[in-house]
J.: 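A single structure is presented below for examination.
Numbering of residues begins at 1 and proceeds along the displayed sequence. These numbers were taken from a predicted model, which means no experiment stands behind them.
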Amino acid sequence: MAKTINFRRSRALHFIVILLTAIYCVGRAEAFENESLNYRVMYKWGLVNKQAGHATLSLRTDGIHYDTRLVAASESWADAFFKVRDTLIGVVEVKDFRPLIYKKLSHEGGDHKHDVVTYSYDGNNVIGEATRKKWDKNRNLKLNEKRTLTAAGLTVDMLSAFYYMRNRPYNEWENGHTLHINIFSGKRKEILTITYLGQETITVDKKTYRTYHITFTFTDPEKPGKQTSDPMDAWISADVQRIPIKLEGKLKVGKVQCFYTGSN
């Protein structure tokens, strides 16, 4: 158990946010209504299978913009080892899912971080003005930097990707079909690759779902093939709602699994 705790301190609970924000992004819909999707986050290693956190993904719309939010937190027992309180906020255009602003407010361990990306567009070119600030546990400012991110063509972030990808016609794709898009994190551009692996039937909390199975990889655009984070898997309900039912990411020690628990 000590090895599990040490690893969780450095990465496992932070992986909750990466996993959810990377994988809540599939389906096919012309527009989205107000919704809130809830998840429990499990850490599994051998016989250890314990709830490590919980998260909620929500969307509100005025018909022109989507206001999106992800809130993730570690459970109280895990806070003693590595406390996570993360909130991601985004504004996305309804018409074509172009992001306008992306924010990440994170409290992980003793550090507090605040990332903001503001978007502008010039034809096919996308410009993201990014600001990153970081404070230590005593609230001393450790980092305050600005940078400009650029890309050509379709570009999303860790929230707008959710809703763009929910419009993809997975039911029309053949097994092995892939899609590549630009994605901005708080400090760099990456390439997000989604691979469709076909339909599968899975059971979660004694409920059976017919799902689409997909995988996600993130790579460095300047070093083709070099992964910037571990691959992930998602199983999304093959119905009109296209709800991610199960999400999974492997760690060096064990894995993290997220399970859908219901909607508000």
Side-chain angles (χ1 to χ4, degrees), residues 7-27 32 34-45 49-60 66-92 102-109 111-115 156-163 165-166 183 185-186 192 202 204-205 207 209 211 214 216 218 229-237 241-251 254-264:
F7 189 76
R8 182 178 292 114
R9 180 183 298 275
S10 62
R11 186 173 183 186
L13 288 175
H14 172 65
F15 194 74
I16 293 170
V17 175
I18 298 176
L19 185 64
L20 283 171
T21 55
I23 329 185
Y24 175 53
C25 35
V26 290
F32 300 97
N34 296 347
E35 63 181 11
S36 294
L37 306 179
N38 302 312
Y39 293 84
R40 72 173 186 274
V41 182
M42 306 295 293
Y43 175 73
K44 184 173 179 58
W45 176 45
N49 188 26
K50 191 173 181 64
Q51 183 164 340
H54 55 275
T56 297
L57 291 154
S58 60
L59 173 145
R60 299 293 182 267
Y66 293 125
D67 292 317
T68 61
R69 184 178 295 258
L70 165 67
V71 178
S74 51
E75 299 299 327
S76 57
W77 70 266
D79 287 346
F81 305 109
F82 190 75
K83 184 177 181 179
V84 172
R85 298 291 186 273
D86 282 359
T87 300
L88 277 65
I89 300 168
V91 178
V92 183
Y102 166 78
K103 297 180 181 180
K104 179 180 179 182
L105 313 176
S106 63
H107 173 195
E108 298 168 0
D111 289 333
H112 296 257
K113 299 177 184 177
H114 189 178
D115 292 342
V156 296
D157 53 48
M158 299 297 279
L159 279 176
S160 57
F162 302 167
Y163 306 101
M165 291 307 302
R166 287 180 75 178
I183 185 166
S185 67
L192 171 62
I202 66 171
V204 174
D205 293 337
K207 295 182 180 180
Y209 301 90
T211 66
I214 59 176
F216 294 79
F218 296 83
S229 61
D230 294 328
M232 309 173 196
D233 288 75
W235 291 261
I236 298 90
S237 64
Q241 291 182 293
R242 298 297 191 263
I243 294 175
I245 302 299
K246 176 183 175 182
L247 321 170
E248 182 173 292
K250 294 182 180 179
L251 304 170
K255 58 186 176 183
V256 172
Q257 297 175 314
C258 302
F259 296 99
Y260 171 67
T261 60
S263 303
N264 297 342

J.: Check for a donor-acceptor pair, side chain of W77 on one end and backbone N or O of Q51 on the other, with a separation under 3.5 Å.
T.: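 Looks like yes, one N/O pair under 3.5 Å.
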J.: Distance check, rounded to the nearest 0.5 Å: L88 atom CG versus L105 atom CG?
T.: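 Nearest 0.5 Å value for the CG-CG distance: 8.0 Å.
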J.: With sequence neighbours left out, what residues match S263 under side chain to side chain donor-acceptor pair (under 3.5 Å)?
T.: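 Counting only residues at least two positions away or on another chain, S263 forms a side chain to side chain donor-acceptor pair (under 3.5 Å) with Y260.
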J.: Can you list the residues that meet the salt bridge (charged side-chain N to carboxylate O under 4.0 Å, His left out) rule with R69, with sequence neighbours excluded?
T.: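 Result, salt bridge (charged side-chain N to carboxylate O under 4.0 Å, His left out) vs R69: none returned.
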J.: Output the distance between atom CG (L70) and atom OG1 (T87), rounded to the nearest 0.5 Å.
T.: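 Here the rounded value is 7.5 Å.
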J.: Who passes salt bridge (charged side-chain N to carboxylate O under 4.0 Å, His left out) against R85, sequence neighbours left out?
T.: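 Partners of R85 by the salt bridge (charged side-chain N to carboxylate O under 4.0 Å, His left out) criterion, ordered by chain and then number, come out as D79.
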J.: So which atom in Y43 and which in A52 form the shortest heavy-atom distance, rounded to 0.1 Å?
T.: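 Looking at all heavy atoms of both residues, the closest pair is CB-CB, 4.2 Å.
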J.: What distance do D157 atom CG and T68 atom OG1 have between them, rounded to the nearest 0.5 Å?
T.: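 Rounded to the nearest 0.5 Å, the CG-OG1 separation comes to 7.5 Å.
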J.: Can you name the side chain to side chain donor-acceptor pair (under 3.5 Å) partners of S36, sequence neighbours left out?
T.: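 For S36, the residues satisfying side chain to side chain donor-acceptor pair (under 3.5 Å) (neighbours in sequence not counted) are R60.
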J.: Side chains of D205 and R40, heavy atoms from C-beta outward: is any pair under 4.5 Å?
T.: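 A side-chain contact under 4.5 Å exists here.
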J.: If you measure from NZ on K246 to CE on M42, what distance do you get to the nearest 0.5 Å?
T.: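 Result: 12.0 Å between the selected atoms.
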J.: With sequence neighbours left out, what residues match S106 under side chain to side chain contact (heavy atoms under 4.5 Å, CB included)?
T.: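 S106 satisfies side chain to side chain contact (heavy atoms under 4.5 Å, CB included) with D86, K104, E108, K113 only.
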J.: Measuring from I202:CD1 to I236:CD1, what's the distance to the nearest 0.5 Å?
T.: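 That separation rounds to 9.0 Å.
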J.: Against Y66, only a single residue in L159, V91, N34, L59 fulfils side-chain contact (heavy atoms from CB on, under 4.5 Å); can you say which?
T.: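 Of L159, V91, N34, L59, side-chain contact (heavy atoms from CB on, under 4.5 Å) with Y66 is met by L59 alone.
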J.: Are the side chains of L247 and M232 in touch, meaning some heavy atoms are under 4.5 Å apart?
T.: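 SC-SC contact between L247 and M232 ruled out.
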J.: Testing the basics here: between K255 and K250, what is the closest heavy-atom pair and its distance to 0.1 Å?
T.: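 It is CB-CA, 3.9 Å.
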J.: Applying side chain to side chain donor-acceptor pair (under 3.5 Å), can you list everything that pairs with N38, at least two apart in sequence or on another chain?
T.: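 For N38 the side chain to side chain donor-acceptor pair (under 3.5 Å) partners, ignoring immediate neighbours, are T56, N264.
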J.: Hey, what's the ring geometry for H107 with H112, parallel, tilted or perpendicular (30° and 60° as the breaks)?
T.: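 Taking H112 first and then H107, their aromatic rings lie parallel (interplane angle under 30°).
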J.: For the atom pair OG (S160) and CD1 (I183), what is the distance rounded to the nearest 0.5 Å?
T.: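 It is 7.0 Å, given to the nearest 0.5 Å.
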J.: Using a 3.5 Å distance criterion without hydrogens, assess whether the side chain of Y209 forms a donor-acceptor pair with backbone atoms of I245.
T.: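 Here the side-chain-to-backbone pair does not exist.
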